[in-house]
Every structure is written in structure tokens, then in C-alpha cells.
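All remarks here apply to the structure that follows.
Here is how names work: the chains are called A, B, and so on, in the same order as the sequence lines, proteins then strands, and each is numbered from 1. If you're wondering where the values come from, they're calculated on a predicted model, not measured in any experiment.
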Amino acid sequence: MEGELPSNRKCSALTGSSRKIKDNAADWHNLLLRWERLNDHGFDVAQNIVNLRLRRSESQHLQLQADEALPPLEPAGISVATLQQDCDKLQEVYDKMVALVTKMERLVVSQHGISELEQFQFGVEGRKTPLFHSWNAKHFEDVSVFLLDSFQSELRLKGALLQDLAHTVTSDLHVVHLSCWLLQPFVPPQVRLMLEALLLETGHRPI
Amino acid sequence: MSKPAVIPLQQAIKKSFQCLENNQKIWKSVLAECGPLMVSLGNLAEQSIALSNVQLSNTPLRVFPDLEERLRFKQQHAIDTVLGKMNEKMSSLQSVRDSISNQVSGVFQLYEQNTESLDIPTLTERSAITPSISDMLEWLQDADRHYRQEFLRRKMLLQTLRADDLSLLESAPKRWKSLETPTAEDQISDTLCKVSFFMESQ
């Protein structure tokens with residue numbers, strides 16, 4: 001995904017439903033772009049948390065083995081404070097992701113509204129000439145719903161990861177958590193394809 | 001240096017060294033791009049192994065019933081992508097090898113066509129700035145062999161990898177790194193230094 005697309009370009013002569021749908025498509029593109037950036041940033045933070053957590057459990061382990069008379073190996077307070085700091089950072093990332101998904105929800109509502117309007121204007125069989133190349137309003141709505149579903153599920157997973165990340169002790173589970181955060185299992189490859197199809201259909205990408 | 005066959009042969013040798021110099025740069029830059037790809041391949045294998053070791057139903061993530069399947073799919077997908085990129089890099093390396101090989105075999109063909117007019121003193125004659133033809137032919141052959149071997153060893157490593165053999169994938173970056181032959185690569189650079197005056201001469 002390259003630079004952001006302008007969501008309210010005035011240069012083309014589109015009006016009504018087409019105008020709205022084209023703007024929504026640009027919004028989808030920009031939201032997904034921002035999501036990717038947040039995900040990358042969140043991954044860095046999550047990696048820090050895991051490293052701190054592993055180091056902490058290691059040093060605790062060492063302290064248990066060491067003689068009681070020895071002073072603590074590491075001032076535990078410092079690492080707890082940094083751990084808390086990183087967790088707060090991750091929480092911030094998560095909050096921003098929640099805001100993105102809220103915006104996505106609004107896009108779906110808008111798309112649903114357009115569908116209903118189209119049905120009201122042109123009846124069940126829809127308009128005679130397509131909005132852009134071939135898709136009808138229902139198709140646009142279906143794509144939006146699919147995108148939203150993916151990101152809602154992914155957001156739920158992120159929420160769970162945020163809760164567990166700093167409380168996990170086994171290193172395998174740590175790796176699984178990081179893998180989940182990075183690879184986004186609930187965002188299938190089709191999401192990317194659908195977005196590109198949406199941009200092609202609405203003319204943001206040249207055919 | 002009065003023999004008629006000497007001048008064209010020297011020209012051809014000069015062209016081969018120029019080709020070698022350009023291709024050595026390409027080779028190095030492609031290899032530099034392979035390193036990070038191999039590291040991420042190892043990381044992905046590690047992630048897959050971790051997923052196999054963890055019983056997700058015993059963790060708080062059990063609320064996502066299809067998580068394991070989806071994550072497994074994404075991991076395989078990412079491994080496929082990296083292997084695909086590595087294949088592209090290998091074809092760049094292959095074209096480096098081919099272009100060096102073609103140049104060198106061209107020079108040797110020219111040499112063999114003219115063996116009758118090239119006697120031993122001519123072939124071994126050298127000056128302060130021009131190494132002897134026999135030395136330069138040897139260096140070209142060494143370089144050709146070096147890139148052939150390097151390419152084959154890397155190709156072999158990649159061909160033994162399988163997307164479902166995780167431990168093999170995990171150790172791949174280490175084995176890839178162990179294929180590095182800095183001394184052989186330095187020798188090529190040395191050779192290029194030795195012929196630098198010859199290359200600049202008209």
C-alpha cells in the first residue's frame with residue numbers, strides 16, 4: 001500500500017451514490033494502511049514486553065537458586081516499571097485500533113444506507129447502468145461487511161493478546177503470541193485482494 | 001607481442017574481466033538481500049514449531065476455536081512467500097553465473113582456435129603492467145568455477161527445504177551462512193586488482 005488516497009477528491013464529476021462509494025473505498029484503503037502501521041508498531045512493543053518478561057523470569061529463577069544472603073541480582077523495580085510502561089504503550093496501540101474499527105463500522109453503516117437508498121430508488125432489480133464497471137450497491141456492501149468482520153475478529157484477538165502477553169511464562173506461548181500479533185490470523189489474504197478489487201472498481205487504481 | 005592472435009585474445013580477456021567485475025558486484029548485492037530473507041525463514045519456522053508445542057486449548061486463547069488453524073495457515077503462507085522471493089534471488093544468481101561462464105568459455109574458444117600461432121613464450125610473456133595470458137586464463141577459469149560451485153551449493157540447500165519440515169527450515173539460515181566463502185571471494189577481488197593496470201591499458 002503506497003501513500004494515502006485523498007478521500008474527498010472533487011476533481012471527478014461523480015455525484016450521489018457513486019461519489020459516496022468512491023470516497024468510502026478511499027477511506028477503507030487509508031484505514032487499512034493505518035492499521036498496518038499500528039500493527040507494526042504494536043509488534044515492536046510486544047516484542048519488548050516479551051523480552052523483559054523472559055529476562056525477569058530468568059533473574060527470578062536465578063535468585064531462587066542463589067544463596068539467601070546474596071543481595072538481589074537486579075533491582076526488580078526498574079524492570080517492573082519498564083514492563084508497565086511498555087504495557088501502557090501497547091494499550092495505546094490497541095485503543096487506536098479500536099478507534100479504527102469503530103470508523104470501519106461507520107463505513108459499513110454508510111454502505112448499508114447506500115444499498116437501501118439504491119433499492120428505494122430503483123427497486124429490487126437495481127439500476128440499469130452499473131455504478132462504476134460492474135458491481136452493484138449490494139456487492140459493495142458485502143465487501144465492506146467482510147472487511148469489517150475480519151478486523152473485528154482480529155481486534156478481539158489483539159485484546160486477548162494484550163491481556164495475556166505480560167502474564168505468560170512459557171517461551172513457546174510467548175512466540176505464539178508474537179506470531180499471532182505479527183501474522184494476524186483473522187485477516188486472511190483475501191482482505192488484501194478485496195481491497196484492491198474495491199480500488200480497481202471505483203477507479204482509484206487504473207485498470 | 002607481435003603475433004596477430006595475441007591482440008584479439010587480450011581484448012577478449014579484458015572484456016571477461018570487466019564482466020567479472022560487474023557481476024561480482026551484482027552477486028554480492030543479491031547475496032546481501034538473501035541474508036535477511038533466510039533469517040525470516042528461520043523465524044517463521046520457529047513460530048510454527050512453537051505453535052506445535054503449545055496446546056492452545058489450555059491457554060486463555062481457547063476462546064478462539066479456529067485460531068490454531070488460521071495461524072498455521074498464515075505461517076505457511078508467509079513461508080511460501082519467503083521461499084518464492086528466495087527463488088527470484090536464485091535466478092538472479094544464476095544469471096550472474098551464466099554470464100560469467102559464457103564470457104569465459106568464449107575466451108577459451110578463441111584461445112583454442114589460435115593455439116597454433118600462440119607458442120609457449122608468447123603465452124607466458126608478461127610485463128610490469130600486463131600479466132601473462134596463461135595466468136589470466138587460469139584466473140578466469142578459477143572465477144568461473146568459484147561461481148558455479150557457489151551457486152550449486154546454495155541451490156542444493158534451497159532444494160532440500162520443504163515447507164512442512166520445520167526443523168530443516170529452522171536451521172536453514174545457519175547453514176546458509178556457513179556457505180559463505182570470504183577467502184574465495186577475496187581471491188576474485190585480488191585477481192581484479194592484479195589485472196587493473198592491464199584493464200586500463202589500451
Crowding at CZ, A:Arg127 (>12 non-hydrogen neighbours, <6.0 Å): yes

Comparing A:Leu182, A:Thr168, A:Leu173, A:Leu178 against chain B, the one with the most heavy-atom pairs below 4.5 Å turns out to be A:Leu173

Sort by residue number and list every member of residues 60-83 of chain B having a non-hydrogen atom under 4.5 Å from chain A. B:Pro60, B:Leu61, B:Phe64, B:Asp66, B:Leu67, B:Arg70, B:Leu71, B:Phe73, B:Lys74, B:Gln75, B:His77, B:Ala78

Inter-chain contacts: residues 140-165 of chain B against chain A, heavy atoms under 4.5 Å: none

Sub-4.5 Å heavy-atom contacts with chain A: which residues of residues 33-59 of chain B show up? B:Leu44, B:Glu46, B:Gln47, B:Ala50, B:Leu51, B:Asn53, B:Val54, B:Leu56, B:Thr59

Check each atom of A:His167 against the heavy atoms of chain B and say whether the ones under 4.5 Å are side chain, backbone, both or neither. neither

Quick check: are there more than 12 heavy atoms from other residues, nucleotides or ligands sitting under 6.0 Å from CG of A:Leu193? yes

Using a 6.0 Å cut-off, check whether atom NZ of B:Lys194 has over 12 heavy atoms from anything other than its own residue. yes

Anything in residues 104-113 of chain B with a heavy-atom distance to chain A below 4.5 Å? Please list those residues in order. none

Pairs of heavy atoms under 4.5 Å with chain B: top-ranked of A:Leu183, A:Leu161, A:Thr170, A:Val187: A:Leu183

